[in-house]
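Everything below concerns the one structure shown next.
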Amino acid sequence: MIRLSIILTTYNRADDLETTLEVVVNQRFDASQWECIIVDNNSTDDTRQRVERIIAEHKELNLRYLFEPKQGLSHARNRGIAESRGEVIAFIDDDETIVYDYVSRYINFFERYPQAMAAGGRIVADYLSGRPRWMSQYVARPIANPLYLGDYIKPFPRGKHPGGGNMAVRREVFERIGCFDTELGRSGDKLIGGEECDLFKRMRDAKLPIYYVPRATIYHRIPDWKLTEEYTTRLFHSTGLSQRLRAKREGRLFGAYLSEVAKWGATLVLCLTYRPSQSRYLLKMRYHISRGLFRG
């Protein structure tokens, strides 16, 4: 019986994917009880050849390759859900390193907490060339999405939810409230997000418990190109666009505007406490998020 399915989505990052799979194939758990489905979301590099080689080298594992031609992370994840067999479905990305007991942590958690409908673990930012001096905890959120809520299992506090690169959901949740909204989420090189926020909001509305499982940890690898002016500008603007899209759909656009104005006030206060390089990037982030939110 498959107790846990890992859905690993990828797009044109064959090198990164191989690094991620190095730990996936060495999980410390009975191989008959879990599977990993690699969903190739229309890659044009040699992703397929590399994955098929790894599958051939690890025939003792339940590894599968799927090609999803519909561009978009939500399409890829939904395809993985449809093809998976596990009672619990975990989602990771191709730029992450999971811990060697990742599978066992989630399987054991859901066995001990039958009331839990979803869970998410700790996310540690792994800056491959070191953390930049201009990085602050607030600027790190859209770039690296770190998550740490302590060292003990507990329900996620109101207003917080698992990170998209480290979340596990019981299959029955998707049967009850539906899968990822394909109008949201990254697509190719476009950085629009919000699909995880939408899923967990629907779970909250349905009163489905979501838990924090700190030891199901992943390390989010951050290469130098994700720290460039060009990339961060696009990312911050896309964050604002994502917020605008979700707010319009939920009928709370004016409230989102008011919240952004309040965040500007907090940003200006924080700038008084940061070093100049941190303040500059914090202001840059706020400006481009506002640009996306207010102007689209």
Side-chain angles (χ1 to χ4, degrees), residues 6-29 36 38-39 41 43 45 47 50-51 54 73 76-77 90-106 109 119-152 156 160-168 185-186 189 191 193 196 212-236 238-239 274-275 277-278 281-282 284-285:
I6 296 177
I7 307 301
L8 171 51
T9 51
T10 188
Y11 172 69
N12 277 347
R13 288 203 290 214
D15 288 340
D16 275 321
L17 178 62
E18 275 201 281
T19 301
T20 298
L21 284 170
E22 285 175 9
V23 180
V24 172
V25 300
N26 285 291
Q27 286 294 291
R28 301 174 182 142
F29 202 80
C36 179
I38 301 98
V39 185
N41 192 202
S43 296
D45 61 7
T47 288
R50 296 204 203 188
V51 173
I54 292 170
L73 179 56
R77 285 174 170 168
F91 300 87
I92 62 174
D93 295 329
D94 58 9
D95 58 354
E96 299 174 352
T97 302
I98 64 177
V99 291
Y100 285 98
D101 57 355
Y102 181 88
V103 168
S104 65
R105 290 296 174 190
Y106 273 130
F109 165 77
R122 185 180 180 191
I123 299 175
V124 180
D126 180 12
Y127 298 98
L128 300 185
S129 295
R131 181 185 173 106
R133 282 182 55 81
W134 51 260
M135 186 67 70
S136 65
Q137 67 179 90
Y138 298 101
V139 172
R141 288 177 183 173
I143 295 175
N145 196 28
L147 177 66
Y148 176 67
L149 299 177
D151 297 325
Y152 300 97
F156 263 88
K160 292 187 178 295
H161 58 73
N166 188 6
M167 56 185 178
R186 298 194 175 188
D189 295 323
L191 301 177
E196 298 105 356
Y212 170 67
V213 186
R215 297 183 71 178
T217 302
I218 68 100
Y219 294 83
H220 185 191
R221 303 188 301 271
I222 311 298
D224 291 347
W225 63 266
K226 282 193 174 182
L227 303 174
T228 61
E229 288 276 351
E230 186 275 334
Y231 179 82
T232 54
T233 296
R234 286 201 307 119
L235 178 65
F236 298 150
S238 295
T239 300
Y274 283 160
R275 65 174 68 100
S277 60
Q278 289 178 309
Y281 248 85
L282 185 60
K284 170 188 171 178
M285 180 190 77

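For clarity, every value in this text was computed on a predicted model and none was experimentally measured.
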| query | Under the salt bridge (Lys or Arg N to Asp or Glu O under 4.0 Å) rule, what pairs show up with a residue in residues 213-230, not counting sequence neighbours? | reply | Asp16-Arg221, Asp95-Lys226, Glu229-Arg280, Glu229-Lys284, Glu230-Arg234
| query | If you measure only the distance, is there a donor-acceptor pair under 3.5 Å linking the side chains of Asn166 and Tyr106? | reply | yes
| Approximate separation, where rounding is to 0.5 Å, of Leu282 CG and Tyr138 OH | 9.0 Å
| Do the side chains of Leu21 and Ile38 get nearer than 4.5 Å, heavy atoms only? | yes
| task | Report yes or no: does Tyr212 contribute a side-chain atom to a donor-acceptor pair with the main-chain N or O of Leu149 at less than 3.5 Å? | result | yes
| Arg77 side chain reached by Phe91 side chain, heavy atoms, under 4.5 Å | yes
| Are there more than 12 heavy atoms of other residues, nucleotides or ligands under 6.0 Å from atom CZ of Arg131? | yes
| task | Could you tell me whether Arg13 and Asp93 have a side-chain N and a carboxylate O separated by less than 4.0 Å? | result | no
| Residue pair Thr217 / Val124: nearest heavy atoms and the distance that separates them | CG2-CG2, 4.0 Å
| note | Tightest non-hydrogen contact, residues Asn41 and Tyr11, listed as O-CD1, 3.2 Å
| field | salt bridge (Lys or Arg N to Asp or Glu O under 4.0 Å) against Glu22, all qualifying residues, sequence neighbours excluded | value | none
| Arg122 with Asp151: basic N within carboxylate O range, under 4.0 Å | no
